[in-house]
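As structure tokens, the structure follows; a few thoughts come after it.
Atoms within a ligand are numbered from 1 in the order they appear, just like the ligands themselves.
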Amino acid sequence: MRHVTLPDGEEVPALGQGTWYMGERRDRRAAEVAALRRGVDLGMTLIDTAEMYAEGGAEEVVGEAVAACRDTVFLVSKVYPYNASRRGVQEACARSLKRLQTERIDLYLLHWPGSIPLEETVSGFETLIEKGMIARWGVSNFDADAMRSLLHVAGGEACATDQVLYNVGRRGIEFDLLPFLRERTMPLMAYSPIEQGRLPPGDVLDEIGRRHGCDRFAVALAWLLRHPDVIAIPKAVRREHVEANRRAADLTLEPADLEAIDRAFPPPARKQPLAML
Ligand code: NAP
């Protein structure tokens, strides 16, 4: 598995696993736990979750899945913006740690920009690092202007990543956010990398997949993973999906494939509002 380097030198797998919609139904729990474990066995050891997902239920699934292999896993979780006050992050993080059955979250993200001043949130994150409850912090759903504001806040430059919607059909960030992060050697984390299983229609991904002996989802993941500084976090419960996603990390697209994708899904020609799900 190829790795991506975070600003503090930590190496994480370029392909991780998402958990949105996990933890919502008791009868699916065993399958969700098994899927995450299979993914970890295959090297997808970065797991992304959030206190929002099933209101803590997804963190519980993750906690169960990694209980026996915690040291090999890089855990990412997120705090609700309305919990992101100096004191609120302490309490929210303590609850997440309990559900995750761990003493430390490896990367803790502000889920989206909210109304609590960033100074407070960053100061709260710094306290969590001092206490050993998180190893580092980052943000999610921040556009380039929000990132600029963050970097003006005392301590803001310690941000490890920005997790945003990015896939073949959602390329707006290539215009401004991706170059902005690159200038600061900050990796980007791509969520909904296969658009929740609803990739935009068009034959090009299927055609490329046929040439490489894989399907359109694998092509879409390989397209993201061609960037040295992008981490993709597909969510998969079905075992065949987990395994197919892992294979996608070994797929190298040809320049002609990339050109065909650019024709079908053109890169942005101007600034666009940040897309979100
Ligand atoms: P996604 O990963 O793009 O798509 C997940 C869907 O695709 C599931 O229905 C899954 O089915 C299916 N799937 C997975 N692998 C497949 C494959 N190889 N072939 C065909 N279908 C496949 O969508 P997402 O869950 O929205 O995004 C991924 C993760 O990003 C989330 O789980 C979450 O951790 C994170 N996220 C963050 C934010 C944020 O605001 N920060 C927002 C959205 C998502 P099965 O589960 O049935 O296998």
(request) Going by heavy-atom distance to atom 34 (O) of ligand 1, choose the closest among Asp48, Leu277, Ile194, Leu165. (result) Asp48

(message) I need the nearest protein heavy-atom contact for atom 27 (O) of ligand 1: residue, atom name and distance, please.
(response) Ser192 N, 3.0 Å

(request) Please answer whether the main-chain N or O of Ser123 pairs with a side-chain N or O of Thr127 as donor and acceptor at a distance below 3.5 Å. (result) yes

(request) Would you mind checking which non-hydrogen protein atom is closest to atom 11 (O) of ligand 1, with the distance to 0.1 Å? (result) His241 ND1, 3.5 Å

(request) Answer yes or no for Lys78: is there a heavy-atom contact with ligand 1 below 4.0 Å? (result) yes

(request) Taking atom types as modelled, find out whether Glu59 and Thr49 have a side-chain donor-acceptor pair closer than 3.5 angstrom. (result) no

(request) Take the angle between the ring planes of His227 and Trp223 and call it parallel below 30°, perpendicular above 60°, tilted in between. (result) perpendicular

(request) Determine whether the side chain, the backbone, both or neither of Tyr53 has a heavy atom under 4.0 Å from any heavy atom of ligand 1. (result) side chain

(request) Give the residue, atom name and distance (to 0.1 Å) of the protein heavy atom nearest atom 6 (C) of ligand 1. (result) Gln196 C, 3.6 Å

(message) Between Leu165 and Met276, is there a side-chain heavy-atom distance shorter than 4.5 Å?
(response) no

(message) Below 3.5 Å, N or O to N or O, backbone or side chain included: is there any such pair between Asp215 and ligand 1?
(response) no

(message) If I compare all heavy atoms of Leu15 with all of Asn245, which pair ends up nearest, and what's the gap?
(response) CD2-O, 3.1 Å

(message) We want to know whether Asn141 and Gln163 form a side-chain donor-acceptor pair, criterion being a heavy-atom distance below 3.5 angstrom.
(response) no

(message) Please state which option from Val237, Val242, Thr49 has its nearest heavy atom closest to atom 45 (P) of ligand 1.
(response) Val237

(message) Only heavy atoms of His111, strictly under 4.0 Å: list the atoms of ligand 1 that pass.
(response) 39 (C), 40 (O), 41 (N)

(request) Nearest heavy atom to atom 41 (N) of ligand 1 wins, so pick from Ala190, Pro234, Ser140. (result) Ser140

(request) Considering heavy atoms of the protein only, find what lies nearest to atom 40 (O) of ligand 1 and give residue, atom and distance to 0.1 Å. (result) Asn141 ND2, 2.9 Å

(request) Just need the protein heavy atom nearest to atom 31 (C) of ligand 1, so name the residue and atom and give the distance. (result) Trp20 CB, 3.6 Å

(request) Could you tell me the residue and atom name of the protein heavy atom closest to atom 10 (C) of ligand 1, and the distance to it rounded to 0.1 Å? (result) Lys235 O, 3.4 Å

(message) Check for me whether Arg182 meets the cation-pi criterion with Phe180, that is, NZ or CZ under 6.0 Å from the six-membered ring centre and within 45 degrees of the ring axis.
(response) no

(message) Please tell me whether Lys131 and Gln90 have a donor and an acceptor in their side chains that are separated by less than 3.5 angstrom.
(response) yes

(request) Please work out whether any backbone atom (N, CA, C, O) or any side-chain heavy atom from C-beta onward of Ala35 is under 4.0 Å from ligand 1, and answer side chain, backbone, both or neither. (result) neither

(request) Could you tell me which atoms of ligand 1, counted from 1 in the order shown, lie closer than 4.0 angstrom to a heavy atom of Gly197? (result) 4 (O), 6 (C), 7 (O)

(request) Decide ring pair (Phe, Tyr, Trp, His ring centres under 6.0 Å) for Phe125 and Tyr108; before the verdict, give the C-alpha distance in whole Å, the side-chain angles of both, and the deciding distance to 0.1 Å. (result) CA-CA 8 Å; Phe125 283 158; Tyr108 198 41; 5.7 Å; yes

(message) Within ligand 1, which atoms have a heavy atom of Ile233 less than 4.0 Å away?
(response) 28 (C), 29 (C), 30 (O), 35 (C)

(message) Counting only nitrogen or oxygen atoms and a 3.5 angstrom limit, does Ala236 reach ligand 1?
(response) no

(request) Tell me which protein heavy atom sits closest to atom 39 (C) of ligand 1, plus the residue, atom name and distance to 0.1 Å. (result) Tyr191 CE2, 3.2 Å

(message) I'd like to know if the side chain of Asn83 pairs up with that of Glu51 as donor and acceptor (distance under 3.5 Å, no hydrogens or angles considered).
(response) yes

(request) Provide the number and element of each atom of ligand 1 under 4.0 Å from a heavy atom of Glu195. (result) 3 (O)

(message) Does Arg87, at its CZ atom, have more than 12 non-hydrogen atoms belonging to other residues, nucleotides or ligands within less than 6.0 Å?
(response) no

(request) Please determine, by modelled atom types, if Glu120 and Ser85 share a side-chain donor-acceptor pair under 3.5 angstrom. (result) no

(request) For atom 18 (N) of ligand 1, grab the closest protein heavy atom and report residue, atom and distance to one decimal in Å. (result) Asn245 OD1, 2.8 Å

(message) For Tyr191 together with Tyr166, are the ring centres under 6.0 Å from each other?
(response) no

(request) Check whether any heavy atom of Tyr21 sits under 4.0 Å from an atom of ligand 1. (result) no

